[in-house]
Amino acid sequence: MTTGDGRSHSQNFVERVNNLAVCVAGCRAEHAFDARSSRRTKISDFRKMRKMLSELPEADRRAARAEGYRLAEAMLREHAAKVQRLADLLMARRWKDGTDTVRIERDELNTVFGAARDEPNSR
């Protein structure tokens, strides 16, 4: 996964609301864990969100958007310890090599998230 340049790579879910939640979660996590990124990152997420919402019937857009926000908030609360460790890791590496792009390989990410398995409510 990469971050800091508006390009993170995440799974596309079958349920559209899950994809909307992914777009919201990054910005929400930045605020919750005081780990700010560039405005460009947020703009990219909100463009994706607008595109996904535009593909829905107009009558369903407001409910889908609200559910995306609700789901993002619930997942961030449920997995707060994991998100905090990831934010700490990203911020510790930020600009270390002279760029604002941080790369975390899958094995290391699994280790960061795996460390939370003993915590209550973690999956």
Side-chain angles (χ1 to χ4, degrees):
M1 298 182 77
T2 59
T3 189
D5 62 356
R7 295 180 303 171
S8 65
H9 305 284
S10 59
Q11 174 180 347
N12 283 321
F13 298 96
V14 173
E15 294 293 325
R16 190 173 314 229
V17 70
N18 292 339
N19 294 316
L20 292 170
V22 169
C23 290
V24 173
C27 186
R28 291 289 201 225
E30 287 176 23
H31 291 286
F33 299 99
D34 197 29
R36 304 287 192 253
S37 70
S38 70
R39 178 177 161 90
R40 184 175 40 176
T41 301
K42 294 176 197 72
I43 290 171
S44 176
D45 286 338
F46 286 114
R47 279 187 187 139
K48 287 179 193 175
M49 192 172 183
R50 278 195 308 269
K51 183 179 184 310
M52 282 186 271
L53 289 170
S54 73
E55 295 168 355
L56 292 174
E58 190 171 342
D60 297 336
R61 291 178 192 164
R62 179 172 281 176
R65 181 179 168 158
E67 181 60 13
Y69 274 85
R70 188 206 61 75
L71 182 58
E73 293 288 339
M75 291 292 104
L76 287 171
R77 276 192 303 277
E78 181 179 347
H79 300 286
K82 294 175 186 179
V83 176
Q84 182 66 63
R85 276 197 300 282
L86 181 58
D88 291 345
L89 180 62
L90 290 170
M91 294 307 288
R93 292 185 181 180
R94 196 172 189 185
W95 300 294
K96 189 175 184 179
D97 62 358
T99 70
D100 64 352
T101 300
V102 177
R103 183 169 179 82
I104 299 175
E105 297 296 336
R106 179 182 306 222
D107 291 343
E108 186 176 11
L109 191 61
N110 287 335
T111 299
V112 169
F113 288 156
R117 287 193 178 127
D118 296 331
E119 296 170 7
N121 297 325
S122 65
R123 291 184 200 165

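Computed from heavy atoms alone, side chains included, the values below leave out hydrogens, waters and symmetry copies. Starting from 1, each residue takes its place in the sequence as its number.
Nearest heavy atoms, Leu71 versus Val17: CD2-O, 4.2 Å. The two atoms that bring Ala21 and Ala72 nearest to each other are O-CB, 3.6 Å, heavy atoms only. Across Leu20 and Gly68, no two heavy atoms sit closer than the pair CB-CA, 4.2 Å.
In this structure, Ala66 has no side-chain contact (heavy atoms from CB on, under 4.5 Å) partners at least two apart in sequence or on a different chain. Not counting sequence neighbours, the partners of Arg16 by the side-chain hydrogen bond (donor to acceptor under 3.5 Å, both in side chains) test are Glu55. Among residues two or more places apart in sequence or in another chain, the side-chain hydrogen bond (donor to acceptor under 3.5 Å, both in side chains) test is passed with Arg62 by none.
Residues Arg70 and Glu67 are paired through a salt bridge, judged by an N-O separation under 4.0 Å between the basic side chain and the carboxylate.
One finds the CE atom of Met75 at 10.0 Å from the NZ atom of Lys82 (value rounded to the nearest 0.5 Å). Between Arg65 atom CZ and Cys23 atom SG the span is 11.5 Å, to the nearest 0.5 Å. Rounded to the nearest 0.5 Å, atoms NZ (Lys51) and CG (Leu53) are 11.5 Å apart. Rounded to the nearest 0.5 angstrom, Thr111 OG1 and Arg85 CZ are separated by 11.0 Å. Considering CG of Leu76 and CD of Gln84, their distance stands at 11.5 Å, rounded to 0.5 Å.
With contacts defined as side-chain heavy-atom distances shorter than 4.5 Å, the pair Val22/Lys48 does not qualify.
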Run the side chain to side chain contact (heavy atoms under 4.5 Å, CB included) test on Arg28 and Tyr69 for me, step by step, so that the C-alpha distance in whole Å, both residues' side-chain angles and the decisive distance to 0.1 Å come before the verdict.
CA-CA 9 Å; Arg28 291 289 201 225; Tyr69 274 85; 3.0 Å; yes
